[in-house]
Amino acid sequence: MNRDHSITTALTAWFRVKARVLPWRTIERDPWRSLVSEFMLQQTQVDRVIEKFEPFLSLFPTPEALARASQDDVLAAWAGLGYYRRARNLHAAATSIADRFGGSVPTSVDDLLTLPGVGRYTAGAIMSLVHHEPEPIVDGNVRRVLLRLDGEDLPDAPATDRRVWSRAGALVSESGHPAAFNEGLMELGALICTPRSPKCPECPLVAMCRAHDAGTQEDIPRPKKRPNRKELFGAALIVRDDTGRLLIRRRPDVGLWAGMWEAPTLEQESHPPSAEEVSAWCGAAATPLSLRFIHQTTHRIVHFEGWTAESAPALADGRAVSGEEIGRLGISNAQRRLLRLAEVLPEA
DNA sequence: AAGTCGGGGAT
DNA sequence: ATCCCAGACTT
């Protein structure tokens, strides 16, 4: 009875009893539902995904259905989840599945890796959780659990990740139950072996945990290096035509909030746009509204200020829409907040 | 190896 | 405030 065998046995037994009921955890896993869930779950907590999952699948129940959809409809269904490139990648992946794989999600790591937005983690998740193949997966949870389990106080570096992937591969092969073991590792990281204040007394692996033996579980893994957030200043222009429709436009297809709709916003990194700058940009005399807020993302601190003008002759790429139409477009949470404060959209 | 890409929960 | 989250991709 070696140590790895004790680990895999205890973990799979725990998972079979303690696993949460989640929309994508059906008895027989559906490949498309699983792929959608994995895209949504990238860098996103389970609770955030649950509310978006079924509505998205109702709109796009198959790869072909998503492949046929417009980019606007896809982004609208994704709105609020963040990391919108995932939605565009999933859309492109669906097209590829329809065109190159006969409408079925590929069933090998190599084929899965050809899909845009599918990396080593997602490919391994489909192979192990859906097809019960002993492919390793390493996400943030697995990384933390395995480093603590082996008591490895290693730096945040690629060499550490290579070690963790190797360890995950050895364990999933040993387990004999790739799905329950891999998903169990993630579930343990989400529920018990949490970043701070892990619930070691409730952990099925406490007897095998070297970090717990040494009392270093709170110090492992070492914090990731994170760059300082850059500031951004946005002047958002609220302009209505004579029928009360609002001027909006679609953002470029790269960068922040790519492809999402917005009230036209002048963005600068150096300083808040002045009245002269906003006026020159929109081609009319602009005046500030008493509407300011700060929106924070992982890498940005965005200072929004609302402005208005009679018209915007210099903004040729816009389009006028009614309040009702706005509600159906793909709009970031930042712009939704702006439009609520400007009383274009109703409160909450 | 570092930077970019959202938004919100936990502490 | 800070850290993190069922990561992937670009530079």
Pairwise C1' distance, B:dG9 and C:dA8 [rounded to whole Å] | 23 Å
Have A:R86 and A:T44 got a donor and an acceptor in their side chains that come within less than 3.5 Å?
-> yes
Would you say the base of B:dG7 and the side-chain of A:S332 have a donor-acceptor pair closer than 3.5 Å?
-> no
Counting just side-chain N and O atoms, does A:R196 come under 4.0 Å of either OP1 or OP2 of C:dT2?
-> no
Under-4.0 Å side-chain N/O to phosphate OP1/OP2 contact, A:N333 with B:dG6 = no
Is it true that A:W24 and A:F53 have ring centroids separated by less than 6.0 Å?
-> yes
To the nearest Å, give me how far apart NZ (A:K224) and P (B:dA2) are.
-> 12 Å
In terms of heavy-atom contacts, does CZ of A:R292 have more than 12 from other residues, nucleotides or ligands at under 6.0 Å?
-> no
Phosphate oxygens OP1/OP2 of C:dG7: is one of them under 4.0 Å from a side-chain N or O of A:Q43?
-> yes
Any side-chain donor paired with an acceptor under 3.5 Å for A:E38 and A:Y121?
-> yes
For B:dA1 versus C:dC5, give the span between their C1' atoms, rounded off to a whole number of Å.
-> 22 Å
Given atom CZ of A:F304 and atom C1' of B:dG7, what is their separation to the nearest angstrom?
-> 13 Å
Given C:dC5, is OP1 or OP2 found less than 4.0 Å from the side-chain N or O atoms of A:Y83?
-> no
Measure the distance from CD on A:E183 to P on C:dA6 and round it to the nearest whole Å.
-> 12 Å
Quick note, A:R226 side chain, CB onward, closest among C:dT10, C:dC4, B:dA2 is C:dC4
Hey, which of these two, A:A159 or A:K230, hits DNA chain B nearer its 5' end, going by closest nucleotide?
-> A:A159
A:R48 side-chain N/O to B:dG9 phosphate OP1/OP2 under 4.0 Å = yes
A:D241 versus A:T243, side-chain donor and acceptor atoms under 3.5 Å = yes
Determine the contact category for A:G255: base if any of its heavy atoms lies under 4.0 Å from a base atom, sugar-phosphate if only primed atoms, P, OP1 or OP2 are that close, otherwise nothing.
-> sugar-phosphate
A:L35 near the nucleic acid: base, sugar-phosphate alone, or nothing, with a heavy-atom cut-off under 4.0 Å?
-> nothing
In whole angstrom, give me the gap between the C1' atoms of B:dG8 and C:dC9.
-> 23 Å
Heavy atoms under 4.0 Å, any strand shown: does A:T122 hit a base, just sugar-phosphate, or nothing?
-> sugar-phosphate
Walking DNA chain C from its 5' end, the first of A:R20 and A:P116 to be reached, judged by nearest nucleotide, is A:R20
Please give, in whole Å, the distance from B:dG7 P to A:Q335 CD?
-> 10 Å
Modelled atom types, side-chain donor and acceptor of A:H303 and A:E231, under 3.5 Å = yes
Distance-only side-chain donor-acceptor flag, A:S96 / A:R100, under 3.5 Å = yes
Can you tell which of C:dT2, C:dC3, C:dA6 lies closest to the side chain of A:R229?
-> C:dT2
Can you tell me how far P of B:dT4 sits from OH of A:Y84, to the nearest Å?
-> 19 Å
Between A:F53 (CZ) and C:dA6 (C1'), how many Å, whole number?
-> 12 Å
Can you tell me if the side-chain N/O atoms of A:H299 get under 4.0 Å from OP1 or OP2 in B:dG6?
-> no
Measure the distance from CD on A:Q296 to P on B:dG6 and round it to the nearest whole Å.
-> 15 Å
Toward the 5' end of DNA chain C, which comes first, A:P223 or A:L113, by nearest nucleotide?
-> A:P223
Between B:dC5 and C:dA6 - P atom distance, rounded Å = 22 Å
Heavy-atom donor-acceptor pair, A:T298 side-chain to B:dG7 base, under 3.5 Å | yes
Is any side-chain nitrogen or oxygen of A:N89 closer than 4.0 Å to OP1 or OP2 of C:dA8?
-> no
Taking atom types as modelled and ignoring hydrogens, do the side chains of A:Q335 and A:S332 form a donor-acceptor contact shorter than 3.5 angstrom?
-> no
Just checking A:L81: base, sugar-phosphate only, or nothing, at a heavy-atom cut-off of under 4.0 Å?
-> base
What nucleic acid atoms does A:W78 come within less than 4.0 Å of, heavy atoms only: base, sugar-phosphate, or nothing?
-> nothing
So, is A:W257 close to the B:dG7 phosphate, meaning a side-chain N or O under 4.0 Å from OP1 or OP2?
-> yes
Check every strand shown and say whether A:V142 touches a base, only sugar-phosphate, or nothing at a heavy-atom separation below 4.0 Å.
-> nothing
Below 4.0 angstrom from OP1 or OP2 of C:dC5, is there any side-chain N or O of A:R144?
-> yes
Please tell me which of A:A157 and A:R300 maps to the more 5' nucleotide of DNA chain B, matching each residue to the nucleotide holding its nearest heavy atom.
-> A:A157
Side-chain donor/acceptor contact of A:R86 with base of C:dA8 under 3.5 Å | no
Tell me: CG of A:L256 to P of C:dT10, nearest whole Å?
-> 18 Å
